[in-house]
Amino acid sequence: MSESALQRAPGRGRFITFEGGEGTGKSTQIKKLASRLSAAKLRILVTREPGGSPGAEIMRYLVLSGMGKLLGPEAETLLFAAARDDHVRTVIEPALKQGTWVLCDRFADSTRAYQGSLGSVPAGLINAMQRVTIGDLKPDLTIILDLPVEIGLQRAAARRGSGTPDRFEGENLKFHEGLRDAYRKIAAEEPARCVLIDANSDPDTVAGRVWAAVRDRLLPTPASVVSA
Ligand code: TYD
């Protein structure tokens with residue numbers, strides 16, 4: 001968030017989204033950032049998409065089970081949008097208004113990358129849905145975790161164990177390479193909001209990079225909180 005935006009909404013929480021391909025370590029990094037910000041006496045809400053509210057969790061089940069795929073890319077995108085609408089209205093906006101910092105595992109950039117760049121859903125449709133679901137709400141900071149595809153997929157497979165891959169994990173290598181490119185493009189197009197972070201290191205090293213981005217961009221008086 002720019003300095004002027006911070007001044008416009010002094011009591012409002014900050015909205016940080018985490019994005020990246022499969023196995024890039026988003027949930028690990030969100031947990032680490034949440035505990036560091038909590039130690040700095042900030043109120044934190046960790047949430048995720050698709051899901052994050054009771055209504056959106058139902059939609060999550062539909063899309064990740066592959067049912068959305070049967071309906072075609074546009075309809076699947078509408079399911080993600082419907083889930084986001086409920087999540088923003090019932091969870092994210094109320095929390096931000098109360099001054100809580102919201103850390104969200106995936107948000108609108110996932111739709112742009114997965115459904116837009118890879119699913120070939122026209123940008124016009126994605127933008128229109130975005131206007132309806134999130135309106136003016138824009139993350140103050142988006143952390144994009146970047147990792148070679150093979151490593152991410154290996155991590156995702158190790159995490160899954162003997163379970164079957166979900167709707168998107170099951171896509172081929174070309175899909176995941178395209179996904180990485182799509183996220184890099186988003187980061188390059190919106191440098192004021194996005195930070196591309198090299199996630200090919202141990203979790204604590206990556207957490208240090210994430211923290212540096214949050215401190216530099218969102219914490220006006222870093223000296224008062226870095227002792228976390
Ligand atoms: P999840 O199990 O949360 O995966 P990850 O740990 O990789 O975040 O599954 C979410 C999946 O849904 C993931 O493959 C990305 C996909 N997705 C979209 O395709 N579009 C969207 O708008 C969102 C939010 C997620």
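FYI, side chains are in, hydrogens and waters are out, and symmetry mates aren't considered; it's all heavy atoms of this structure. Counting starts at 1 for both ligands and their atoms, following the listed order.
- Nearest protein neighbour of atom 7 (O) of ligand 1, counting heavy atoms only, is R106 NH2, 2.9 Å.
- No more than 12 heavy atoms of other residues, nucleotides or ligands lie within 6.0 Å of CD1 in I58, so this atom counts as exposed by the packing criterion.
- Residue contacts with ligand 1 for E49 involve both N, CA, C or O and side-chain atoms from C-beta outward (heavy atoms, distance under 4.0 Å).
- The shortest distance between side-chain heavy atoms of S117 and R112 does not fall below 4.5 Å.
- Looking at Y114 and R106, their side chains do bring a donor and an acceptor atom within 3.5 Å of each other.
- Nearest protein neighbour of atom 19 (O) of ligand 1, counting heavy atoms only, is Q115 NE2, 2.8 Å.
- The two residues I30 and C104 come nearest to each other via the heavy atoms CD1-C, 4.0 Å.
- Looking from atom 18 (C) of ligand 1 to the surrounding protein, the closest heavy atom is F80 CZ, 3.2 Å.
- Looking only at heavy atoms of the protein, atom 9 (O) of ligand 1 is closest to L64 CD1, 3.6 Å.
- Checked by atom type and distance alone, the side chain of R193 never pairs as donor or acceptor with a backbone atom of P139 at under 3.5 Å.
- T90 and S53 get closest at one heavy-atom pair: OG1-CB, 3.5 Å.
- When each atom of ligand 1 is checked for a heavy atom of D166 under 4.0 Å away, the hits are 2 (O), 9 (O).
- In terms of protein heavy-atom proximity, atom 22 (O) of ligand 1 is nearest to T111 OG1, 2.6 Å.
- Residue pairs meeting the ring pair (Phe, Tyr, Trp, His ring centres under 6.0 Å) criterion with at least one partner in residues 31-54, sequence neighbours excluded, are absent.
- Of the listed options R167, E169, H176, R60, R60 places a heavy atom closest to atom 2 (O) of ligand 1.
- The proximity of V63 to ligand 1, defined as any non-hydrogen pair under 4.0 Å, does not occur for either the backbone or the side chain.
- Contact annotation: R84 has at least one heavy atom less than 4.0 Å from an atom of ligand 1.
- Counting heavy atoms only, E22 comes closest to atom 14 (O) of ligand 1 of the residues K26, R159, E22.
- Looking at K174 and L118, their side chains never come closer than 4.5 Å, going by heavy atoms from C-beta outward.
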